[in-house]
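Input: a single structure, listed below in C-alpha cells.
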Amino acid sequence: LLRIARRLITRSRKVREALIAKSAKDLSDGLRVNLPKSFADFDLGYATQSATLGGGDLIQSGPLGDRLIVLLADVMGHGLAARFFAHGVAAYFRSVVLAAEPGAGIDVLMTQISNSLFSDPTFERTVVSIQLVALGPDGAVEICSAGHPFPVMVTGPSARWIEISGPLPALAQDLPFPTTRLTLEPGSRFLLYTDGLSEVDSVRRDPAAAGERLFDLLLRNRERPVMDMPFEVLRDHVASTRTLNDDTSLIAIGRTPAE
C-alpha cells in the first residue's frame, strides 16, 4: 500500500507540473511580438529574451491614420506574474489605438493608457514603464516616454542619447507626458530598449560606464541591417554578462538610405 501511495503521489506531482508548464507556455505564447519589418520608408527590427519563462517585456504596434504607433513596455518583475500583467498592458494599448482619432498625439495616447492602468485595481501594486513611438511620413518621428530609459540615436560612427523622460504611468489620473519630435535622416537609426540591456552588475553603480557600455554594444553592430541589429546586440550583451538576470528587449528603427 505504501508503494502504491508513493506512485500515486509521484504521478500526481508529474501531472500537476505538466499542467503548470502547459499553462505557462500558453500564457507566454499567447502574447507574441507585433512589429512589422517595415513601414513607409522605415525599417524595423527587434530582439527579446526573458530571464525566466514568461517575462514582462512587451513589444506591440498598431496603425493610426498614416502613422504606425510602436509600444515598448517593461512590467516590473519576472516570470508568469509579469507576463500576466503584460497581457493587460497590451489589451489597453490596442483598445486606446483602435479608439483614437487618426491625428491624436502620442502624449494623449499615453495619458489614456496611463488612465486605464490607474483605474484598474489589478495594477495597483504593479510598476510599468512605457515608451511610445509614432512613425509618420517623410521620416517624421514622435517619442513619448513614461519612466523609460533614454532611446539612443546612431548616426554613422557616433551615438547620442535622445533625452526624453516622463513620469511612470498610472501614478495619478490624467498625467501629462512630454513628447519629442524629430526627423530621422536617411541611413540613421535609433534604438529603444528595456533596462535589462543597460542595468548590469558590472556597471550598475556607474552611470557613465553603463552608457559607454551600451554605446559600444550599439556601435559595434551599426553596420548590421536594421532588422538584424537587435539580435546581434542582444547576443553580445548575453555573451558579456554570461547570464540574463532581467528580461531584455530592444527595437531598432532606421530610415531607408536614399538611393
Side-chain angles (χ1 to χ4, degrees), residues 31-48 55-75 86-114 116-117 128-154 162 164-166 169 177-184 188-197 218 225-231 233-234 247-256:
L31 186 57
R32 298 183 181 276
V33 171
N34 176 14
L35 189 74
K37 295 179 180 178
S38 63
F39 176 81
D41 57 352
F42 294 97
D43 296 318
L44 300 95
Y46 74 89
T48 184
D57 285 2
L58 176 67
I59 298 173
Q60 297 286 290
S61 66
L64 184 60
D66 61 355
R67 298 175 295 163
L68 179 73
I69 310 300
V70 177
L71 171 139
L72 176 62
D74 183 358
V75 178
H87 274 267
V89 175
Y92 285 129
F93 168 73
R94 286 193 294 266
S95 65
V96 165
V97 172
L98 285 172
E101 294 294 328
I106 57 170
D107 58 333
V108 174
L109 303 182
M110 185 73 87
T111 296
Q112 291 174 343
I113 295 171
S114 175
S116 297
L117 298 176
V128 183
S129 66
I130 299 174
Q131 206 144 59
L132 288 181
V133 175
L135 305 178
D138 302 318
V141 175
E142 297 173 85
I143 304 172
C144 187
S145 186
H148 213 79
F150 289 162
V152 178
M153 178 70 72
V154 176
I162 301 175
I164 173 69
S165 60
F177 295 92
T179 299
T180 189
R181 294 172 175 82
L182 58 93
T183 299
L184 191 64
S188 295
R189 62 187 65 181
F190 67 98
L191 292 99
L192 319 173
Y193 55 92
T194 57
D195 59 12
L197 185 66
L218 301 182
V226 170
M227 187 174 67
D228 300 333
M229 183 181 180
F231 174 81
V233 171
L234 183 55
D247 305 330
T248 304
S249 301
L250 59 156
I251 300 172
I253 300 174
R255 192 173 177 199
T256 307

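Atoms considered below: every heavy atom in the structure, side chains included; atoms not considered: hydrogens, waters and symmetry mates. Model, not experiment: these values are computed from the prediction. Residues take their numbers from the sequence shown, with the count starting at 1.
The CG atom of Asp74 sits 5.0 Å away from atom CG of Asp195, with the distance rounded to the nearest 0.5 Å. Rounding to the nearest 0.5 Å gives a distance of 9.0 Å between CD1 of Ile59 and CG of Leu192. In this structure, CZ on Arg189 lies 10.5 Å from OG1 on Thr256, to the nearest 0.5 angstrom. The distance from atom OG1 of Thr48 to atom CG of Asp247, rounded to the nearest 0.5 Å, is 7.0 Å. Expressed to the nearest 0.5 Å, how far CD1 of Ile69 lies from CG of Leu109 amounts to 5.5 Å. In this structure, CG in Leu44 is found 11.5 Å from NZ in Lys37, a value given to the nearest 0.5 Å.
Considering all non-hydrogen atoms of both residues, Phe177 and Pro169 come closest at CZ-CA, 4.1 Å. Closest approach of Gly56 to Ala86, counting heavy atoms only: O-CB, 4.2 Å. Heavy atoms only, all atoms of each residue included: Gln60 and Arg32 are closest at NE2-O, 2.9 Å. Minimum heavy-atom separation, Phe190 to Val133: CZ-CG1, 4.0 Å. The minimum heavy-atom distance between Pro178 and Gly166, with the atom names listed, is CD-CA, 3.9 Å.
For the pair Leu71/Val97, no side-chain contact is recorded, criterion being any heavy-atom separation below 4.5 Å from C-beta on. Counting heavy atoms from C-beta outward, Val141 and Leu135 have side chains that approach closer than 4.5 Å. The shortest side-chain heavy-atom distance between Leu58 and Val75 does not fall under the 4.5 Å cut-off. Contact of the Leu72 side chain with the Ser249 side chain is registered, since non-hydrogen atoms from C-beta on lie closer than 4.5 Å.
Open room surrounds CE on Met227; 12 or fewer heavy atoms of other groups in view lie less than 6.0 Å from it.
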Let's go through Phe42 and Val226 carefully: what are the C-alpha distance in whole Å and the side-chain angles of both, what is the deciding distance for side-chain contact (heavy atoms from CB on, under 4.5 Å) to 0.1 Å, and is it a yes or a no? CA-CA 9 Å; Phe42 294 97; Val226 170; over 6 Å; no
Would you check, one step at a time, whether the test side-chain contact (heavy atoms from CB on, under 4.5 Å) holds for Leu132 with Phe93? CA-CA 10 Å; Leu132 288 181; Phe93 168 73; 3.9 Å; yes
Start with the C-alpha gap between His148 and Ile164, add the side-chain angles, then the distance that decides, and say whether side-chain contact (heavy atoms from CB on, under 4.5 Å) holds. CA-CA 9 Å; His148 213 79; Ile164 173 69; over 6 Å; no
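Every residue meeting the salt bridge (charged side-chain N to carboxylate O under 4.0 Å, His left out) condition with Asp41, not counting sequence neighbours, appears here in chain and number order: Arg255.
Between the side chain of Ser114 and the backbone N or O of Met110, no donor-acceptor pair lies under 3.5 Å. Checking side-chain atoms of Tyr193 against main-chain N and O of Phe150 turns up a donor-acceptor pair under 3.5 Å.
Listed by first and then second residue, the side-chain hydrogen bond (donor to acceptor under 3.5 Å, both in side chains) pairs involving residues 131-140 are Gln131-Ser145 (not counting sequence neighbours).
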Just distance, no hydrogens or angles: give the donor-acceptor pairs under 3.5 Å from side chains in residues 98-108, sequence neighbours left out.
none

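Of the N and O atoms on the side chains of Asp57 and Thr194, at least one donor lies less than 3.5 Å from an acceptor on the other residue.
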